[in-house]
Amino acid sequence: MSETPTTPTAPAAPEQSALPQDVRVGIIGVGRMGADHVERIRGRIKGARVSVISDYVRETAEKVAAATPGSRVVDTPEEVIAAEDVDAILIASPGAFHRDQTLAAIAAGKPVLCEKPLAMNPQDAYDVVRAEAASGATYVSLGFMRRFDAEYAELKDALDAGELGTPLLLNCKHRNATVLPGFDDTMMVYDSAVHEIDAISYFLEEPVVSVQTVVPRSTELAPEGLHDPLLFVFRTESGVVVTDELWVSTNAGYEVRTELVGSKGAATIGQAGGRVTTQLEGGRWGGDVPLDFRPRFIAAYDAEVQAWINAVADGSNVAPRSATAWDGYVGAAVCEATELSLTADGEVTVGLESRPS
Ligand code: ISE
């Protein structure tokens, strides 16, 4: 039998970007984090530029725009979302506005990278999950930058490759030098522990079923209203136990350590954020600890935003390692149970809605 002649094919064309030009990013909120993102997009991110900026304090937006060629200021987040010269939206406003702004971006059919948290409670976060599912597309990336940290990725890849066997324990330590006045136990959950709560989804890919808070003696440096340190103990569906030690007034520096204990071995990341020097005068050894999360995770933030821009440009909108609206909902549900566990005796159960298809 003769073979059907095949038409010679041209070499595959390079992948086309869904957009003919740089992705034009609209930024909502240019406080500390938003201004950081503007600087990163202006200086280090390829294939993107900041086109429109808004901030609750207009002068702040104007100051940032003045240093960002090609950008303009508008009065409201709604104007950023609707702007014709905005292809994608980065939300860095206070958390209480994230639900409504993310829903507006979905309604406008524009991809959005929303800083954590997705919403202040699970019901609001679930509204975003449902709206995105109803739209039939994916629009929402959530700013859990640790997923783009090189050490995080290395640990995740080792776990997925089976190098560590079956996960048994995940031990996390999260330390800040200081926190702003007013930082209390609830913020310890929603602002800080939320990162490890997302790390559970990222590393273990299974739900948390219960959480318990253990309260040790507090440091005399703890601000009023804060128990510091706090220890949270999570249990996942398959029985992995996750310990999360939060200590946010160390007066020393920023440290994030993660140890995964598996049936075939244990691996730790975040031990030394750079060079450790021996032979210091007086026979000591040591290195530097960054003062806050920005220097520690600058490469992770860059990688996160670059991956998001690439995903927007190729039309997939959400990068493969990124946290999604569903991750944001799961995080909010676990945070709510964790907050309850601050004052409860014993374990508090976590309940989750079903995931819309
Ligand atoms: C802050 O908001 C962050 O997101 C940091 O990553 C975290 O380490 C810190 O505890 C939070 O206050």
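Predicted, not measured: the structure shown is a model, and the values here were computed from it. Both counts, for ligands and for their atoms, begin at 1 and track the order of listing.
Interface atoms of ligand 1 facing S192, defined by a heavy-atom separation under 4.0 Å, are 9 (C), 10 (O), 11 (C), 12 (O). Under a 4.0 Å criterion applied to the non-hydrogen atoms of K116, ligand 1 contributes the atoms 2 (O), 3 (C), 4 (O).
Summary of contacts: the protein heavy atom closest to atom 9 (C) of ligand 1 is N176 OD1, 3.2 Å. Taking atom 3 (C) of ligand 1 as the reference point, the nearest protein heavy-atom neighbour is H195 NE2, 3.6 Å. Looking from atom 7 (C) of ligand 1 to the surrounding protein, the closest heavy atom is H174 NE2, 3.4 Å.
No part of M187 comes within 4.0 Å of ligand 1, judged by heavy-atom distances. Under 4.0 angstrom from ligand 1, the non-hydrogen atoms of D191 come from both its backbone and its side chain. Only the side chain of Y254 comes within 4.0 Å of ligand 1, counting heavy atoms alone; its backbone N, CA, C and O stay farther away.
Counted within 6.0 Å of CZ on R321, heavy atoms from surrounding residues, nucleotides or ligands total more than 12; the atom is thus considered enclosed. Atom CD of E154 has 12 or fewer heavy atoms from other residues, nucleotides or ligands within 6.0 Å.
For the 3.5 Å distance criterion, the side chains of Q101 and S93 qualify, holding a donor opposite an acceptor. Neither side chain, S51 nor D85, offers a donor N or O lying under 3.5 Å from an acceptor on the other.
Annotation: side-chain contact (heavy atoms from CB on, under 4.5 Å) contacts of T60 (sequence neighbours excluded): V30, D55, V57.
Screening residues 160-172 for side-chain hydrogen bond (donor to acceptor under 3.5 Å, both in side chains), with sequence neighbours left out, gives K156-D160, N171-T243, N171-E259.
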